[in-house]
Structures are given as structure tokens and as C-alpha cells.
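Note sheet for the following structure.
Note that ligands are numbered from 1 as they come in the structure, with each ligand's atoms numbered from 1 the same way.
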Amino acid sequence: MSTPENEILRRRTFGIISHPDAGKTTLTEKLLLFGGAINTAGAVKAKKATRHATSDFMEIERQRGISVATSVMGFEYRDRKINLLDTPGHEDFCEDTYRTLTAVDSALMVIDATKGVEAQTYKLLDVCKMRHTPIITFMNKLDREGCDPIGLLDEIEAKLKMKVSPMSWPISCGKRFKGVYNLYENKLVLFKSHGKQSEESAVHITSLSDPKLEETIGEDHAKELRDDIELITGIYPPFNHANYLAGIVTPVFFGSALNNFGVKEILDFFIENAPSPLPRQTEERTVYPQDKNFSGFIFKIHANIDPKHRDRIAFLRICSGTFERNQKITNIRTGKVLRPANPTAFMAQAKEIIDTAYPGDIVGIHDTGNIKIGDTLTNGETLHFKGIPHFSPELFKYVVNLEPLKTKQLFKGLEQLGEEGVAQVFTRYNSPERLVGTVGALQFEVIQYRLEHEYGAKCRFDNLSFIKACWLETQDDNTLQNFIRSRTSQIAKDISGKIVYLAETQWSLEREIRENPDIAFHFTSEF
Ligand code: G4P
């Protein structure tokens, strides 16, 4: 019988972190195929193709409705309910991408084995590290030449500062790629490629000295594999589940998403080892998924396309209790009571209205402008979830109002787009000037377009040479005031009035940090 307790235990909510082109879309698609959530290869891919065929931001705007549906892809696999949260890359990369990772319980890191660890992976991993999110690594594209498995493991340890635990080991790569040796089940998973088709087959061996090894992969490969395994088992300790859950060690798999090789292996490992919904901290207490009363938080807001209606969909991550349709829930920040009549769940690419949802699930609720990112919803208890911060933008521009009579509309639009997480809006200290900060360049075009079409306000952006926003913290207000006075042109307030320092170069930022030991410089709004 399905009880709330069972429902919690069978849920796995995760996100994929990767650099563009590492293979996230391909892997997502294969995972959905295994889950039976889609039945044709190419479904997710096709969507991506239309999305990126044009760099025209209006086209992306048009696609926003579709991307609501791919924001969360729910599917069933071996009696587990899996919620895969999309972390957009490419031009879509924005703060949302970061914040989505605050709503997951674990992550899958996809690395292109021919390229190693790349920039966007770093950034996303930093967010995971803040919360000690457990991470499984998939080294992709082993069918391509130029992989150095040990070098890749070294790179993760050195650059990402995570311990690694290889769970499978590749037998060569590129044209000579034979498959992988599964270290925890002592089996060989063989790779056969027939032109565009490929298949995998498993051969169980008793140990590495089993002569079946020579029979199946030949003498040279058998020797190479034995040497490699001797080397890696000498360097890396065996997989430790507790260290994985603590985010200290990442189990590593090798495969090829495109060839559907190693995907089932990682999915099977994932459902057995990745955590079910985890407890979460609020300012008041720890919330456990098994708690009777409902609670959750908003991590993303998506505006609807129709410019005449400011309807939005707020993405709610359920943290405890059971969520029921038409149940009264309170937005703790405003005290307002809502009764979601049409809450939606996301199953693969379809949205459907649901009656009940459990911790770990993501529910979309309609909002007419009353919900903000970071809001806590409960059925009465006063709680404030922690760990849904703003992250420092990397690109900053100054907003030039082109129609002074429409200042009110411009400010309203900027405020609402800021709440939606499209960009961060800062107000200069001692002046009403607005600055906009983003992580992706495309966001500026989106803002400009939406301000004009939804709020009737025209603006232009002027470049600013800031590279980072730091939220300042001091014990002593005088210290802060002195700092502000001497650098007013680099001081602003964020959407909730917190003071930020805008750094022009990494060098000057480091100098300020060094020279102001009584001030803490934070790279996220929550500390
Ligand atoms: P992304 O979402 O992380 O950006 O990556 P995506 O899955 O779109 O993959 C990027 C490119 O890498 C695609 O090629 C894809 O086919 C290819 N790819 C993914 N996994 C593998 C793999 O295991 N082996 C090899 N050899 N290639 C892989 P593309 O040419 O950009 O697109 P397409 O024309 O193949 O669709």
C-alpha cells in the first residue's frame, strides 16, 4: 500500500550539472527513455534544436511556455519516482540555473571525457558544494579518441576539490573502446557498435584473473585493464556511501550517452544510492520530510507568455507533509492564504493537474504576482527555509530610461522581473539609478523586450565594468558606514535593501578583502 512514508522513500529529486555540449540533453533523453517517459529518441533533442537554432531571443521567449514543461521532468523507474530538474545551459544560463540546484537532493555531473572539467561545471559545482549535495559523475563520450581516465580523475580532485571513487573503468577509448569493467559488481560490460547502432552486453567474471577476460577482450586489453585496476585500487579507496552522501566523494562512471552505453548502469546505481528527500534547514528548526504538516519553498518563477496577463507559475519544492489540491496554505512572508485549485505536476514533457504530491516533488502553482523566489509556504507554521540565496551576477549594466514619463512602469517592471529571477536589480546607494546584473548576456535582451512589451517602458543598457557583487557583513555599523562613504560609486542595494559592494576587478576585490578584515564579503545574499 502506498503510504506517505513509502512515497517519500521512493523519490529521487536531482539535477544535471555540465558544461554546454558535454552531453546533458543526450543523457536526459536516454534516462527518460529508460523511464518510459518518452518513447522516441530525439524528443528532447528536437526541442533543444528548435531552441538553439536561432539566437533570436524573441524565439526563446516564444519557447518559454515549452520550457516550463521541461523545467521538471518526472518519471518512474523500477518503482522509484524520479524528478529531474532542468538546469539550462547555453544562452539560457542564468541565476535560475544556480537556484534550481537549491531544490535538488543530489546531482549528476556530466563531463566530456575528451575535454575534462570546463568552466560552467565549476560554477555549478560551487553551488552544490555550498549545500554538500551528493554528486555522481558520468564521464561521457568514451567512444571518442583522446580520453585519459586517470588524468580526468586527477583533474576532478585538483580542480573541483572532491575525492573520487571510480565505480567503472573504461577499456580503452575511441575506435578501440571495448566497454567498461564494473568494479563494484565484478562484471565486464561490453560495447558493440554497429554503425549507428550500439548495444551493451554483460559478462560476469569471478575476478580479474578469470581467463574469460582474455576470451572476451583479447590479451592486450586484458593486460591493460589488469594494470589499470591494480593502479587505481592502489590510489583510490573503495566507494564509501556515507562520504558520497556528505558530498565529500563522487562515484565516477564512464560511458557514452549517445550510444546509450553506461546509462542504465548509472541509473541503477543512482536509484539505489542517491538520497531520498532530505531534511532541510529553516531559521526556526530542521524540517523533516516525514513531518506531518506540509511545508515547501519557491525556487523559481516562470512568467506566462501572454503579455496581457501577468500570470506566473511558481515552482514549489515540497519539503514535508502532503500537498493536497485546494488545501489552504499560507505564504509566510505575506501572511496571505492560497488555495491552489490547479496545481500542476510535471511528468516528462507534459503538465498535468494533480491532487496530491509528496516531499521531493515539484508542483507548479499559479500566481498573479504575490509570490517571490525564496518564499516559504506551509499550512500554518511560521518557518523560513534557508539556502535559497541570490548568487553574484557576472555582467552588470546601467539602465537608461528612454521615456522619463514612464519611470514608474520601468521601476515596477524591473522589480517584478527581479522577483522572477530573470536578473538581479540593484539600486545605487544615494541615488535612484538602477543597475541590472545577470550571469548570461542574453538576459539583457530578454529584460529590454519584456519591459517594453509587458510594462510599456523603453530602456537602454549602458555597460558597467563590474565583475562581481559582494554582500557585506560587519559587526560594527561604523566600519560599514566608513567603507560605504569612501566607495559610494561602488555601493548598491539589492532587491531586499541589503548592501552590496560592486568589484571592478578580481585584483581590486582581493585587495579590499585583505585591507578590510572587519568586513565579510559574501558571494551570495545569504550568510
Ligand atoms: P548538452 O545538452 O550538454 O549541451 O549536450 P548534447 O547532449 O546536446 O550533446 C552535445 C553534442 O555531443 C551532440 O552533438 C551530441 O550528439 C554529442 N554527444 C553526446 N553524447 C555523446 C557521446 O557519448 N559520444 C559522442 N561521440 N558524442 C556525444 P552535436 O553534433 O552537437 O548534435 P547532434 O547533431 O548529434 O544532435
field: Test salt bridge (Lys or Arg N to Asp or Glu O under 4.0 Å) applied to K129 - qualifying residues, sequence neighbours left out
entry: none

- prompt: So F177 and F261, would you call those rings parallel, tilted or perpendicular, with 30° and 60° as cut-offs?
  reply: perpendicular

task: Check ligand 1 against R144 and write out every atom of the ligand that is under 4.0 Å from a heavy-atom position of the residue.
output: 25 (C), 26 (N), 27 (N)

message: So, regarding P20 and ligand 1 (criterion: nitrogen or oxygen to nitrogen or oxygen, under 3.5 Å), is there a contact or not?
response: no

field: Proximal ligand 1 atoms for S256, defined as those under 4.0 Å from one of its heavy atoms
entry: 22 (C), 23 (O), 24 (N)

- request: Mark up the atoms of ligand 1 that fall under 4.0 Å of a heavy atom belonging to T26, in ascending order.
  value: 6 (P), 7 (O), 9 (O), 15 (C), 19 (C)

Set of salt bridge (Lys or Arg N to Asp or Glu O under 4.0 Å) partners for R80, sequence neighbours left out: E272

query: Has K187 got its NZ or CZ under 6.0 Å from the middle of the six-membered ring of Y181, at an angle within 45 degrees of the ring axis?
result: no

task: Could you list which atoms of ligand 1 come closer than 4.0 Å to a heavy atom of A257?
output: 23 (O)

message: With respect to L258, determine whether any N or O atom, backbone or side chain, lies less than 3.5 Å from an N or O atom of ligand 1.
response: yes

query: Testing L231, I232, V180 for side chain to side chain contact (heavy atoms under 4.5 Å, CB included) with W169, which one passes?
result: I232

field: Cation-pi geometry met for K81 and F75 (6.0 Å, 45°)
entry: no

Sub-4.0 Å atoms of ligand 1 with respect to non-hydrogen atoms of K24: 1 (P), 2 (O), 3 (O), 5 (O), 7 (O)

Ligand 1 contact on T25 by region, counting heavy-atom pairs under 4.0 Å: both

- request: Go through F14 and F270 one step at a time and tell me if the ring pair (Phe, Tyr, Trp, His ring centres under 6.0 Å) criterion holds.
  value: CA-CA 10 Å; F14 80 112; F270 169 80; 4.5 Å; yes

task: Check whether any N or O atom of D21, backbone or side chain, sits under 3.5 Å from an N or O atom of ligand 1, and answer yes or no.
output: yes

- prompt: Quick check: does G255 get an N/O under 3.5 Å from an N/O on ligand 1?
  reply: no

